[in-house]
2 protein chains.
Amino acid sequence: MPARGDHDARRRDVSQAVWEVLAANGFGGLTLRAVAARMGASTGLLTHYFPSKKALVRHALEVAQEHTQGRDRLPAEGEGLPGLRAALLDVMPLTPESAAMNRVWVSFWDAALSDDELAATELRRYERWRDMLRPHVDAALRLGQLPADADPDDLVATAAGFGHGLVVQALFDPARFPPERQIRLVDDFIALLARRPHPTG
Amino acid sequence: MPARGDHDARRRDVSQAVWEVLAANGFGGLTLRAVAARMGASTGLLTHYFPSKKALVRHALEVAQEHTQGRDRLPAEGEGLPGLRAALLDVMPLTPESAAMNRVWVSFWDAALSDDELAATELRRYERWRDMLRPHVDAALRLGQLPADADPDDLVATAAGFGHGLVVQALFDPARFPPERQIRLVDDFIALLARRPHPTG
DNA sequence: TTTCGCGTACCAAACGTTTGTTATGTATCT
DNA sequence: AGATACATAACAAACGTTTGGTACGCGAAA
């Protein structure tokens with residue numbers, strides 16, 4: 001029984017267990033008893049650190065958010081489009097860990113669709129992700145890697161949509177979307193963006 | 001009390017109520033009592049027509065599938081890319097009804113992620129959607145609207161991913177993704193595909 | 001024509017289980 | 001001694017499912 005007396009660390013332990021249950025069972029299978037069992041503890045421990053399930057979930061999502069942002073990222077091998085490529089590959093379920101993380105977020109959408117507070121959280125999460133793509137799009141525009149008349153906001157939304165859409169397909173059909181193909185699809189998408197506009201009619 | 005004695009019609013009524021509850025509360029909020037209340041009936045009615053909740057959900061999804069395939073579609077204003085455009089716009093949440101339908105399917109992902117049978121259903125559903133996009137991609141290739149060396153399977157997967165990714169963004173952020181912008185984004189995406197390959201380095 | 005028997009359709013209620021939450025007890029630290 | 005950190009147990013509510021019963025429709029028997 002580690003970290004006895006370390007309040008914050010214990011809360012993080014609990015959040016980690018919440019995350020693991022979510023990855024295994026989705027939001028529909030997230031119960032206090034399942035979390036407690038995963039920790040080898042009792043529900044009393046959970047209520048000792050969190051006043052309610054909602055507070056628990058809220059904190060777990062915050063921790064997950066930090067974890068998502070803090071984890072290792074593919075180094076951008078260049079400015080502009082190469083950076084965009086790296087940012088997209090960064091969210092793809094290329095590893096089991098990343099797949100588990102994506103499963104949680106996709107599962108989260110169900111909960112968010114019928115809970116205003118969670119919906120707001122999801123909205124902010126999406127904004128944050130687009131904000132991560134945006135610098136690369138801006139740089140690509142500046143470097144002339146994209147048509148000068150393109151709308152950066154629209155490009156970011158398109159890239160974000162493409163990425164998440166690919167994530168969902170890969171989650172449900174890993175056989176048809178192995179890592180190599182995911183990478184290839186991202187590369188082809190980047191190449192698509194890089195093409196020069198159709199010269200004439 | 002209509003349709004007494006009409007077994008199949010009654011089952012369809014039940015499925016419709018299931019669908020409405022799903023649209024309102026998501027899979028997490030789908031309970032027999034909620035379905036019964038929506039119908040103004042008792043849970044006994046539900047179990048009379050379906051042996052279990054799982055069977056009920058299964059049938060509701062089948063009905064929904066037929067409904068999805070049978071509804072009005074935007075006419076393809078041309079072969080190839082215009083057809084692809086129409087097919088993509090067809091799934092976008094441009095109307096409240098379409099938004100409700102998309103909410104159900106996105107919500108469904110959570111349930112499918114932790115249930116093998118539902119996961120298989122979702123896999124088939126995705127295949128079906130890609131199959132709807134494929135003829136248009138093939139036609140576009142045939143008509144020279146796309147680079148001849150492009151892989152049709154990859155193009156279809158890319159378009160499907162883009163479409164669903166856009167759906168999710170629009171569902172959670174309708175203010176930032178009003179119908180006009182959704183249409184514009186689809187148009188720009190089609191235009192992206194239509195561009196000629198970059199002539200030289 | 002009436003009446004009986006029986007299957008279908010459905011409601012109301014209750015079943016056992018699981019849920020989130022709360023109360024109580026008991027070590028362990030300060 | 002008193003606060004902290006839990007486990008244990010109980011709680012009401014909600015869940016899917018089961019049960020007992022009522023009302024109805026209809027072919028066969030009287």
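In what follows, every chain begins at residue 1, and chains take the letters A, B, ... in the order their sequences are listed. Both backbone and side-chain heavy atoms feed into the values below; hydrogens, waters and symmetry mates do not.
Separation of atoms CG (B/Leu146) and CD1 (B/Ile190) is listed at 8.5 Å; rounding is to 0.5 Å.
Each of D/dA5, D/dT18, C/dT21 was ranked by its minimum atom distance to the side chain of A/Tyr49; first place goes to D/dA5. Listed nucleotides: D/dC15, D/dA5, D/dT17. Nearest to the side chain of B/Arg33: D/dC15. The side chain of A/Arg10 lies closest to D/dC6 when the candidates are D/dC6, D/dG16, D/dT18. Across D/dA7, D/dG16, C/dC10, the shortest atom-to-atom separation from the side chain of B/Leu45 is found for C/dC10. When distances are taken from the side chain of A/Thr43 to each of D/dT8, D/dT18, D/dG16, the shortest belongs to D/dT8. Nearest to the side chain of B/Thr47, among D/dC15, C/dT21, D/dT18, sits D/dT18.
Side-chain contact, B/His59 with B/Tyr49: no donor N or O sits under 3.5 Å from an acceptor N or O. A donor and an acceptor atom, one from each side chain of A/Arg130 and B/Gln169, are located under 3.5 Å apart.
The interatomic distance linking B/Asp13 (CG) with C/dA9 (P) rounds to 13 Å, in whole Å. Distance CG (A/Leu32) to P (C/dT22): 11 Å, rounded to an integer number of Å.
B/Leu46 comes within 4.0 angstrom of nothing in the nucleic acid, heavy atoms only.
Residues B/Leu113 and A/Ser107 share a closest heavy-atom pair of CD1-N, 4.1 Å.
Place A/Gly29 and A/Pro51 on DNA chain C by their nearest nucleotides, and A/Gly29 ends up nearer the 5' end.
Residue A/His48 places at least one side-chain N or O closer than 4.0 Å to OP1 or OP2 of D/dA5. Residue B/Ser42 has no polar side-chain atom (N or O) positioned under 4.0 Å from OP1 or OP2 of C/dA12.
The backbone N or O of B/Val91 sits less than 3.5 Å from a side-chain atom of B/Asn102, completing a donor-acceptor pair.
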Could you list the donor-acceptor pairs under 3.5 angstrom formed between side-chain atoms of residues 25-46 of chain A and any protein atom two or more places apart in sequence or on another chain?
{"unit_1": "A/Thr31", "atom_1": "OG1", "unit_2": "A/Ala34", "atom_2": "N", "d": "3.0"}
{"unit_1": "A/Ser42", "atom_1": "OG", "unit_2": "A/Gly44", "atom_2": "N", "d": "3.3"}

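Using a 4.5 Å cut-off on side-chain heavy atoms (C-beta onward), B/Arg134 and B/Leu84 make no contact.
Looking at residues 52-64 of chain B, you'll see B/Ser52, B/Lys53 sit with a heavy atom under 4.0 Å from some atom of DNA chain D.
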